[in-house]
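Basis for what follows: all heavy atoms, side chains included, without hydrogens, waters or symmetry-related copies.
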Amino acid sequence: MARLLVVQNGSGGGPGRFGDWLAAGGVSLDVVHAYAGAPLPGRLEHDGVMVLGGGYLPDDDLRAPWLAPTRALVTEALERRAPVFGICLGGQLLAQVAGGTVRGAHGEPEFGSTPLGLRPEAGGDPLFRDLPEGVTAVEHHVDAVTALPPDAAWLMESERCPYQAFRVGDRAWGVQFHPEAGADRVRSWRPERIRALGLDHAELVRRAERDEAAAEPVWREVARRFASVVVS
């Protein structure tokens with residue numbers, strides 16, 4: 001099986017269902033719990049790399065010292081044209097490594113199931129082509145990509161956050177949303193934290209449960225397509 005290095009940046013932020021779908025597509029996941037002190041390899045010896053979400057900026061090296069070696073691995077992957085998939089923080093890290101910019105607490109935060117729109121550039125993309133225009137995904141962020149890397153393909157957007165999905169080169173993708181997370185993830189959020197943001201936790205759960213039946217097969221297909229890229 002093809003092997004994918006997965007960098008986990010928080011205790012509650014594993015690969016979830018996306019990892020299950022990748023495994024079904026012939027990809028073996030080596031998950032490194034970097035947040036807990038597990039060491040990252042000095043060089044990329046896998047067929048690709050996936051960087052998950054977390055409550056940091058991509059260069060927050062004082063609080064998260066493993067981000068520096070993570071950036072080095074993503075840089076190496078880009079140089080070697082090894083497949084990359086970055087989720088939330090991971091997508092922001094890919095953007096920054098490739099020459100884009102990221103800002104903390106920028107714009108309006110997004111939490112819960114969020115409508116996403118496909119852009120014309122997605123029409124020829126190996127992962128995002130022919131997706132439904134009305135797809136939703138779970139969001140959980142206050143930081144955002146503010147400028148894409150030069151020559152990046154801008155694939156998806158939302159009302160509050162323009163850069164929801166993009167591609168760097170032909171084998172590296174970043175997303176701001178969480179394709180690995182469904183309604184169960186939203187149910188696990190602490191209600192008091194959600195209230196502090198001025199949001200209704202119960203309403204976020206209801207919306208995620210309502211949208212899940214339509215959203216899940218879309219992100220399963222994206223995972224299947226990424227697995228095909230890793231295996232090829």
Side-chain angles (χ1 to χ4, degrees), residues 6-20 31-38 50-67 70-71 85-96 101-117 135-146 156-165 174-216 218-219 223:
V6 181
V7 182
Q8 185 168 334
N9 296 297
S11 59
R17 62 186 186 181
F18 206 79
D20 296 336
V31 181
V32 176
H33 295 262
Y35 68 93
M50 183 164 69
V51 182
L52 302 175
Y56 308 98
L57 287 167
D59 55 0
D60 196 354
D61 296 350
L62 287 179
R63 292 198 303 147
W66 65 88
L67 289 175
T70 300
R71 293 195 301 274
F85 198 92
I87 294 175
C88 198
L89 166 60
Q92 295 167 4
L93 187 144
L94 171 63
Q96 188 176 85
T101 59
V102 179
R103 288 181 58 187
H106 177 78
E108 296 185 76
E110 291 179 309
F111 287 85
S113 183
T114 302
L116 305 175
V135 68
T136 63
V138 170
E139 302 268 1
H140 190 284
H141 75 100
V142 295
D143 308 326
V145 175
T146 55
M156 300 192 83
E157 59 191 343
S158 72
E159 181 179 352
R160 291 186 173 186
C161 180
Y163 302 125
Q164 287 288 344
V175 299
Q176 182 58 71
F177 53 89
H178 287 270
E180 85 286 8
D184 56 338
R185 179 74 65 84
V186 179
R187 284 192 291 269
S188 74
W189 294 345
R190 291 182 293 130
E192 59 273 18
R193 180 172 183 270
I194 297 302
R195 284 195 299 271
L197 294 165
L199 301 170
D200 184 331
H201 181 257
E203 176 57 27
L204 292 183
V205 171
R206 282 193 295 270
R207 197 162 66 220
E209 291 173 341
R210 177 198 66 197
D211 294 343
E212 185 157 21
E216 182 174 320
V218 174
W219 306 122

Revision key, fill the gap. Nearest heavy-atom contact between Arg160 and Pro109 is NH1-O, 2.8 Å
Exercise for review: Name the orientation class of the two ring planes belonging to Phe177 and Trp219 (parallel below 30°, tilted from 30 to 60°, perpendicular beyond 60°).
Suggested key: tilted
Check your understanding: In terms of heavy-atom contacts, does CD of Glu159 have more than 12 from other residues, nucleotides or ligands at under 6.0 Å?
Key -> no
Exercise for review: Apply side chain to side chain contact (heavy atoms under 4.5 Å, CB included) to Tyr35 and Val7, showing your working.
Suggested key: CA-CA 9 Å; Tyr35 68 93; Val7 182; over 6 Å; no
Revision key, fill the gap. Heavy-atom closest pair (Ser113 atom, Ala208 atom, distance to 0.1 Å) is CB-CA, 3.9 Å
Practice item. Answer whether the closest heavy-atom distance between the side chains of Cys88 and Leu52 falls below 4.5 Å. Key: no
Review point. Heavy-atom distance under 4.5 Å between the side chains of Tyr56 and Asp61, does that happen here?
Key: no
Review point. Is the side chain of Arg63 donor-acceptor paired with the backbone N or O of Gly55 at a distance under 3.5 Å, no angle test?
Key: yes
Check your understanding: If every non-hydrogen atom of Glu180 is compared with every non-hydrogen atom of Gly14, which pair is closest and at what distance?
Key -> CG-O, 3.7 Å
Exercise for review: Could you tell me whether the side chain of Arg17 and the main chain of Pro179 form a donor-acceptor pair under 3.5 Å?
Suggested key: yes
**Study point:** Straight-line distance of His141 NE2 to Ile87 CD1, nearest 0.5 Å
**Key:** 14.0 Å
Exercise for review: Would you mind reporting whether Asn9 and Leu67 have side-chain heavy atoms less than 4.5 Å apart?
Suggested key: yes
Check your understanding: What are the two closest heavy atoms between Pro115 and Thr136, and how far apart are they?
Key -> CA-CG2, 4.0 Å
Study note, to complete from the structure: Closest non-hydrogen atoms of Ala165 and Val175, given as atom of the first, atom of the second and distance, are CB-CG1, 4.0 Å
Check your understanding: Does the distance from a Lys or Arg side-chain N to an Asp or Glu carboxylate O, for Glu203 and Arg206, drop under 4.0 Å?
Key -> yes
Check your understanding: Below 4.5 Å, heavy atoms only, C-beta onward: do Arg207 and Leu204 meet side chain to side chain?
Key -> yes
Check your understanding: Between Asp143, Val145, Leu57, Thr146, which is the residue that forms a side-chain contact (heavy atoms from CB on, under 4.5 Å) with Arg103?
Key -> Thr146
Check your understanding: At their closest point, which heavy atom of His201 faces which heavy atom of Trp189, and how far apart are they?
Key -> NE2-O, 3.2 Å
Check your understanding: Looking at Glu157, Glu139, Gln176, which hits side-chain hydrogen bond (donor to acceptor under 3.5 Å, both in side chains) with Gln164?
Key -> Glu139
Check your understanding: Does the side chain of Gln8 reach to within under 4.5 Å of the side chain of Pro15, using non-hydrogen atoms?
Key -> yes
Check your understanding: Hey, are the side chains of Val51 and Leu94 touching, using non-hydrogen atoms and a 4.5 Å cut-off?
Key -> no
Practice item. Would you give the length of the straight line joining atom CG of Leu197 to atom CD of Glu192, rounded to the nearest 0.5 angstrom? Key: 11.0 Å
